[in-house]
Amino acid sequence: MEKECLLTNNCNFSGIRPAMADLPYPPVQVKEKNLAYANLLSIDYCGAVSELSAITQYINNENQLSYSRCAIAKTILSIAVAEMMHLQKLGELIFLFGGNINFTAKYQKGGERQWTPAYLSIPGQPREMVIADIEAERAAIKQYRMHIHMINDCYANAVLERIIKDEEYHIMLLNALLKEI
């Protein structure tokens with residue numbers, strides 16, 4: 001008689017909280033509808049450098065690490081949860097500006113591109129995963145700052161500035177993880 005083999009993940013994810021800067025978020029509101037601003041934010045929502053890409057990349061990394069490096073996997077999952085909150089806030093802003101939330105990034109020159117997992121960087125080794133995550137966070141901050149300069153809406157920009165604070169916090173956490181690997 002064959003023995004039944006049961007594999008389990010002993011990494012307990014209960015109580016995971018979003019990894020966020022300890023600052024309140026401003027209200028999600030806009031001065032007026034502006035489809036151009038909605039389109040810019042669609043890139044942050046689901047473009048190559050976007051919250052959707054970040055969430056997917058973090059969840060993939062967490063899944064790969066949870067069996068062998070539980071503490072690192074927990075931190076990565078907590079960052080993914082914060083990115084989900086960013087995605088939700090961007091969706092609200094896009095809607096308030098009069099845009100659609102359909103996982104299609106709309107670019108200034110009229111091009112559209114639906115989100116794809118081809119946007120992701122998924123290395124196989126823990127150190128390279130964390131480095132790719134740091135690079136993605138830096139790219140997101142750079143893109144948010146560029147969009148803040150293009151959007152003339154103090155309410156929306158306040159939300160984007162607050163999201164940047166979280167992204168900077170994520171870089172700090174990821175750099176600490178690098179020292180553990």
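Atom set for the values below is all heavy atoms of this structure, side chains included, hydrogens, waters and symmetry mates excluded.
For the atom pair CG (Asn157) and CG (Asn152), the distance works out to 8.0 Å, reported to the nearest 0.5 Å. Note that the CG atom of Asn34 and the NZ atom of Lys31 stand 9.5 Å from one another [nearest 0.5 Å]. Taking CG of Leu90 as the start and OG of Ser42 as the end, the distance is 10.0 Å to the nearest 0.5 Å. Taking OH from Tyr144 and CG from Leu41, the interatomic distance works out to 8.5 Å, rounded to the nearest 0.5 Å. A distance of 11.5 Å separates CD in Gln143 from CD1 in Ile141, rounded to the nearest 0.5 Å. Taken to the nearest 0.5 Å, the CD atom of Glu112 stands 6.0 Å off from the OG1 atom of Thr104.
Counting only heavy atoms from C-beta outward, the side chains of Tyr45 and Phe103 approach each other to under 4.5 Å. Between Asn60 and Leu120 the shortest side-chain heavy-atom distance does not fall below 4.5 Å. For the pair Leu77/Tyr58, no side-chain contact is recorded, criterion being any heavy-atom separation below 4.5 Å from C-beta on. Side-chain contact between Ile163 and Glu51 is present, with heavy atoms from C-beta onward closer than 4.5 Å. Residues Glu137 and Ile79 meet the side-chain proximity criterion, which asks for heavy atoms closer than 4.5 Å. In this structure, Ile148 and Ile164 have side chains that are in contact, with non-hydrogen atoms separated by less than 4.5 Å. Proximity of Ile122 to Gln64: side-chain heavy atoms (C-beta onward) are separated by under 4.5 Å at one or more points. Looking only at side-chain heavy atoms (C-beta outward), Asn175 and Val130 stay at 4.5 Å or farther from each other.
Smallest separation of non-hydrogen atoms from Pro27 and Val159: O-CG2, 3.8 Å. Closest approach of Ala82 to His170, counting heavy atoms only: CB-NE2, 3.6 Å. Here the closest heavy-atom approach between residue Glu32 and residue Asp153 is recorded as N-OD2, 4.2 Å. Between Asp166 and His86, the shortest heavy-atom contact is OD2-NE2, 2.8 Å. Heavy atoms only, all atoms of each residue included: Ser66 and Ala73 are closest at CA-CB, 3.6 Å. Nearest heavy atoms, Ser78 versus Thr75: OG-O, 2.7 Å.
Val49 and Leu93 sit in two unconnected hydrophobic clusters of ILVMFWY residues. Membership requires side-chain heavy atoms under 4.5 Å apart, directly or through other members. Under the 4.5 Å side-chain heavy-atom criterion for grouping Ile, Leu, Val, Met, Phe, Trp and Tyr, Leu35 is not connected to Ile43 through any hydrophobic cluster. Under a hydrophobic-cluster definition in which Ile, Leu, Val, Met, Phe, Trp and Tyr are linked whenever side-chain heavy atoms come within less than 4.5 Å, directly or via other members, Ile151 and Tyr155 are assigned to different clusters. Leu160 and Val28 fall within the same hydrophobic cluster, where Ile, Leu, Val, Met, Phe, Trp and Tyr residues are linked whenever their side-chain heavy atoms come under 4.5 Å apart, directly or through other members.
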Step-by-step salt bridge (Lys or Arg N to Asp or Glu O under 4.0 Å) determination, Glu168 to Arg145: CA-CA 12 Å; Glu168 292 169 338; Arg145 287 191 174 133; 2.9 Å; yes

Given side-chain contact (heavy atoms from CB on, under 4.5 Å), test Cys11 with Tyr67 step by step and report yes or no. CA-CA 7 Å; Cys11 193; Tyr67 289 94; over 6 Å; no

Please walk me through it: do Tyr169 and Met20 pass side-chain contact (heavy atoms from CB on, under 4.5 Å)? CA-CA 7 Å; Tyr169 181 61; Met20 301 172 69; 5.6 Å; no

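Remark: the Thr56 side chain and the Ser53 side chain contain no N/O donor-acceptor pair separated by less than 3.5 Å. The closest side-chain donor-acceptor pair between Asp133 and Asn61 falls under 3.5 angstrom.
Shown are Ile101, Asp44, Leu52; of these, the side-chain contact (heavy atoms from CB on, under 4.5 Å) with Leu87 is made only by Leu52.
Lys142 NZ: 12 or fewer foreign heavy atoms inside a 6.0 Å radius. Residue-environment remark: CZ (Arg162) exceeds the threshold of 12 foreign heavy atoms within 6.0 Å. A 6.0 Å sphere centred on OH of Tyr25 holds more than 12 heavy atoms belonging to other residues, nucleotides or ligands.
For the pair Glu83 and Lys89, the salt-bridge criterion is not met [side-chain N within less than 4.0 Å of a carboxylate O].
Gln57 places a side-chain N or O within donor-acceptor distance of the main-chain N or O of Ser121, the cut-off being under 3.5 Å. Listed for the Asn39 side chain is no donor-acceptor partner under 3.5 Å among the backbone atoms of Lys106.
Between Phe97 and Tyr37, the ring-plane angle classifies as perpendicular under the 30° and 60° cut-offs.
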